[in-house]
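Take a look at the structure set out below.
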Amino acid sequence: MINSFLANSFLDKISLNSIQKDAVCYDEGPQLVFAGAGTGKTRVLTAKIAWLIQNKNIYPNQIFAATFTNKAAREMQKRVEDLTSIPCYGLWIGTFHSLCARILRKEAEKIGYNSFFSIYDEADQISCIKKVAKSFNIDERNMSPKMLISKISKYKNYCIPPKQLAGHGQNYYEELVINAYSEYQKMLFKQNAMDFDDLITNCVYLFRENNDVAEYYQSLFKYILVDEYQDTNLAQFYLIEILSKKHKNIFVVGDDDQSIYTWRGARLENILTFEKKFPNTKVFKLEQNYRSTKGILDFANAVISGNKIRASKRLWTTQKGENDVTIVRYRNDQSEAESVTDCVSELIKNGVNPGNIAILFRTNAQSRLFEDSMRKRQIRYVLVGGISFYERKEIKDCLAYLRLCVNKKDDASCERILNVPPRSIGDKCREILIKKSKQKQKSLLETILEESDLSDYGRGQNGILEIKKLFSSIYAFQEKNISPYKILKFILTETGYITMYEEDDTEESQSRIENINELLNALAIWEKDNISKGLLEFLEEISLSTDIDRYEQKDDCVSLLTLHSAKGLEFSHVFIVGCEDGILPSTLNIDKEEMIEEERRLLYVGITRAMKYLQISYTDSRWRFGNLLPMEKSRFLYDIPKEYYNYIDKSNLYLFEEDFNTKVIQSPHKEKNKLDKSDYNSNNYKNEEDFSQERIEYKIGQMVFHKSYGKGRIVNISGFGNDMKMTVLFNNGTRIRLMAKFAKLET
DNA sequence: TTGTTTATTCTTTTT
DNA sequence: GAATAAACAA
């Protein structure tokens with residue numbers, strides 16, 4: 001038969017063990033695949049899609065596959081095409097957010113939007129919620145914009161619209177949040193905009209409220225596949241529950257031990273209760289690890305076994321290896337960076353490919369010291385995350401202009417560029433415009449475009465006229481199908497945006513101009529690759545793509561990334577740095593056991609990235625938030641049997657004077673930093689005795705007793721000696737910052 | 001209205 | 001320490 005012939009041909013191209021093969025070829029309803037780290041999860045998922053297309057004769061556009069990054073989606077699609085030799089253009093593969101955006105672009109009208117809606121990122125969200133907060137007179141001290149956004153996000157993760165909550169607040173504050181939520185949604189709707197959460201929830205609402213639409217997609221998608229299922233939230237669960245209702249072919253892959261996004265609404269329960277939610281589920285467990293040596297795996301198992309909430313499993317491997325895990329103690333963050341970089345340099349000298357080496361950290365802020373020391377040694381590196389290219393001011397300005405070209409109602413973007421470059425439109429003129437737009441029930445830009453007499457705008461009228469002219473020409477261009485690249489170019493010259501930076505001759509402005517040129521380049525290349533697509537698609541790709549999507553494992557570059565963005569990647573040599581209490585686990589997550597468990601999983605994810613060699617380090621002190629803080633080895637490193645790792649104490653490793661001087665000369669930082677750094681250095685030499693004494697007295701996490709507040713725990717310490725302050729969380733719930741020398745705490 | 005200085009706040013991870 | 005907001009001078 002043709003089928004079996006084809007089946008063999010494609011299964012030959014990809015090697016699978018018997019469990020993997022069973023998982024790929026099973027075809028009787030819901031399937032849950034527990035796939036531990038390095039067990040070939042992606043391989044199974046890819047083979048599954050290929051198998052469906054080739055053996056089950058399912059069309060690519062009948063498959064809905066949610067991956068965790070867009071990059072993974074692209075790679076998987078390409079691999080499937082290689083395996084099947086069938087072009088998979090119509091395949092629905094991407095992140096939940098991009099898949100939902102794709103559906104919503106088609107169905108926007110059914111929920112009152114139009115298909116040119118803008119997608120708002122966190123910065124846009126914050127600027128909107130600030131306005132809402134202002135209109136409700138919410139005091140920022142009590143409720144920060146970020147907090148409001150996260151509360152609203154929580155409601156959205158549960159797919160609860162504001163109208164369902166109205167009047168159900170348990171107290172005054174909850175009621176306030178609900179009102180703000182309601183107002184915020186109205187605001188976005190007016191601007192024809194959705195935030196990230198809306199992409200998912202609006203899809204769910206769309207299906208809930210439009211039976212015919214739901215039925216259409218239910219019959220279209222014969223198969224639903226979800227990768228990294230442990231990191232899905234409730235809204236995403238509702239979505240796949242709806243979509244799989246008709247054919248009941250749902251295939252999810254995940255690993256509860258690698259769930260690291262519960263802070264963003266992901267629910268471990270999704271994977272742990274999958275069998276209950278989808279009757280007749282067949283479970284597969286992949287436990288053979290093909291990535292790491294036995295030494296690394298034993299260590300990983302030892303770390304993760306400290307968690308209570310997990311499905312039982314144990315990874316194993318046939319790859320031998322000992323002495324491949326090392327724990328190192330350093331004196332401070334700077335010597336950690338220097339020494340780790342030395343190790344990296346040594347590895348490269350010994351022939352290890354830089355692309356096979358990664359340095360992983362908990363927070364983006366930790367990357368700087370490593371960047372400095374790598375630059376000093378002229379080792380090339382790629383940094384993932386931090387301030388991404390598309391978050392830069394100048395780029396966001398350009399994008400705001402472009403967004404307005406697509407969506408006239410995007411007030412957030414309009415306000416952003418109103419006076420950039422400066423055109424004498426200050427607060428007053430802006431107020432007038434906002435007032436007028438409210439009267440007219442139109443958006444800001446629409447109001448400007450319709451205005452014939454501009455005298456109301458006073459000193460700003462010329463600026464308003466400029467904007468009016470600019471966008472009138474742009475809309476005329478668009479009718480003539482002028483390319484996005486040319487439009488951006490036109491905007492830049494017409495507004496004098498680049499001239500603005502050229503005029504002030506600083507390094508900063510120079511780099512801004514370079515960034516803008518880079519954006520122009522990116523746009524030009526994108527146009528070539530996507531002839532059939534337009535500005536709308538370009539903007540969508542940008543707003544839904546992350547740094548990790550753009551990251552390429554380059555052979556000649558060492559990778560610097562956060563533990564979160566390292567998920568799904570592998571390297572032969574891995575350094576996990578800053579493994580200290582307060583960092584990993586983060587101070588902000590040490591109050592609750594579930595959060596500690598998540599932090600432990602984060603470490604586990606980092607460990608299991610390593611194939612051959614793993615080095616974990618911690619330091620005695622660290623320069624943070626402008627203070628030198630004493631640090632403690634991470635709690636996760638206790639209770640690991642000693643035979644699983646080597647231990648090296650480099651805490652007596654000093655930075656030599658001349659070493660420091662060369663650093664100052666080569667340091668790219670400003671004059672000001674030099675002083676700070678030398679302070680830091682001398683501090684270390686002179687105050688050594690006080691330093692060690694203070695260190696013994698109080699530690700983060702330590703239980704203390706206070707006369708009036710009772711028992712409590714130190715959650716943070718800053719400063720030394722007489723300046724030492726600490727934050728104590730008392731059992732009665734109060735959280736207070738105390739001067740150590742006055743507090744008279746009993747230990 | 002604009003640019004500069006000072007004060008203050010808040011420090012995580014990301015679609 | 002950095003980024004943002006508020007206050008102030010030009």
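Treat the numbers as computed from the prediction; the structure is a model and nothing was measured. Just so it is clear, the values below take in all heavy atoms, side chains as well, and ignore hydrogens, waters and symmetry mates. Just so we're on the same page: letters track the sequence lines, and every chain starts at 1.
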**Request:** Check every strand shown and say whether A/F96 touches a base, only sugar-phosphate, or nothing at a heavy-atom separation below 4.0 Å.
**Result:** nothing
**Request:** Tell me what A/N419 touches on the nucleic acid: a base, only sugar-phosphate, or nothing, going by heavy atoms under 4.0 Å.
**Result:** sugar-phosphate
Could you list, one pair per line, each protein nitrogen or oxygen that sits under 3.5 Å from a nitrogen or oxygen of nucleotides 7-10 of chain C, together with the distance?
none

**Prompt:** When you match A/S424 and A/S565 each to their closest nucleotide on DNA chain B, which lands nearer the 5' end?
**Reply:** A/S424
**Fill in**
Contacts of A/S543 and A/R362 projected onto DNA chain B by closest heavy atom; the upstream (5') one is A/R362
Going by side chain to side chain contact (heavy atoms under 4.5 Å, CB included), name the residues that satisfy it together with [X], two or more places apart in sequence or in a different chain.
X	answer
A/E540	A/A101, A/R105, A/I119, A/L544
A/L243	A/F64, A/F207, A/Y217, A/F221, A/I224, A/L239
A/C159	A/T201, A/V204, A/Y205, A/R208, A/A235, A/Y238

Among the nucleotides [options], which one has an atom lying closest to any side-chain atom of [X]?
X	options	answer
A/W263	B/dT11, B/dT13, B/dT2	B/dT13
A/H564	B/dT12, B/dT14, C/dT4	B/dT14
A/E122	B/dT2, B/dT12, B/dT14	B/dT14
A/T363	B/dT11, B/dT14, B/dT13	B/dT13
A/K428	B/dT14, B/dT12, B/dT1	B/dT1
A/W623	C/dG1, B/dG3, B/dT1	C/dG1

**Asked** Can you name the side-chain hydrogen bond (donor to acceptor under 3.5 Å, both in side chains) partners of A/S259, sequence neighbours left out?
**Response** none
**Request:** Go through the structure and list residues passing side-chain hydrogen bond (donor to acceptor under 3.5 Å, both in side chains) with A/Y381, not counting sequence neighbours.
**Result:** A/E371
With a 4.0 Å cutoff (strictly under), does any side-chain N or O of [X] reach OP1 or OP2 of [N]?
X	N	answer
A/R368	C/dA2	yes
A/K567	B/dT14	no
A/N364	B/dT13	yes
A/T562	B/dT14	yes

**Item:** Main-chain N/O of A/L369 paired with A/D372 side-chain donor or acceptor, under 3.5 Å
**Value:** no
**Request:** Check the angle between the aromatic planes of A/Y261 and A/W263 and answer parallel, tilted or perpendicular using the 30° and 60° thresholds.
**Result:** tilted
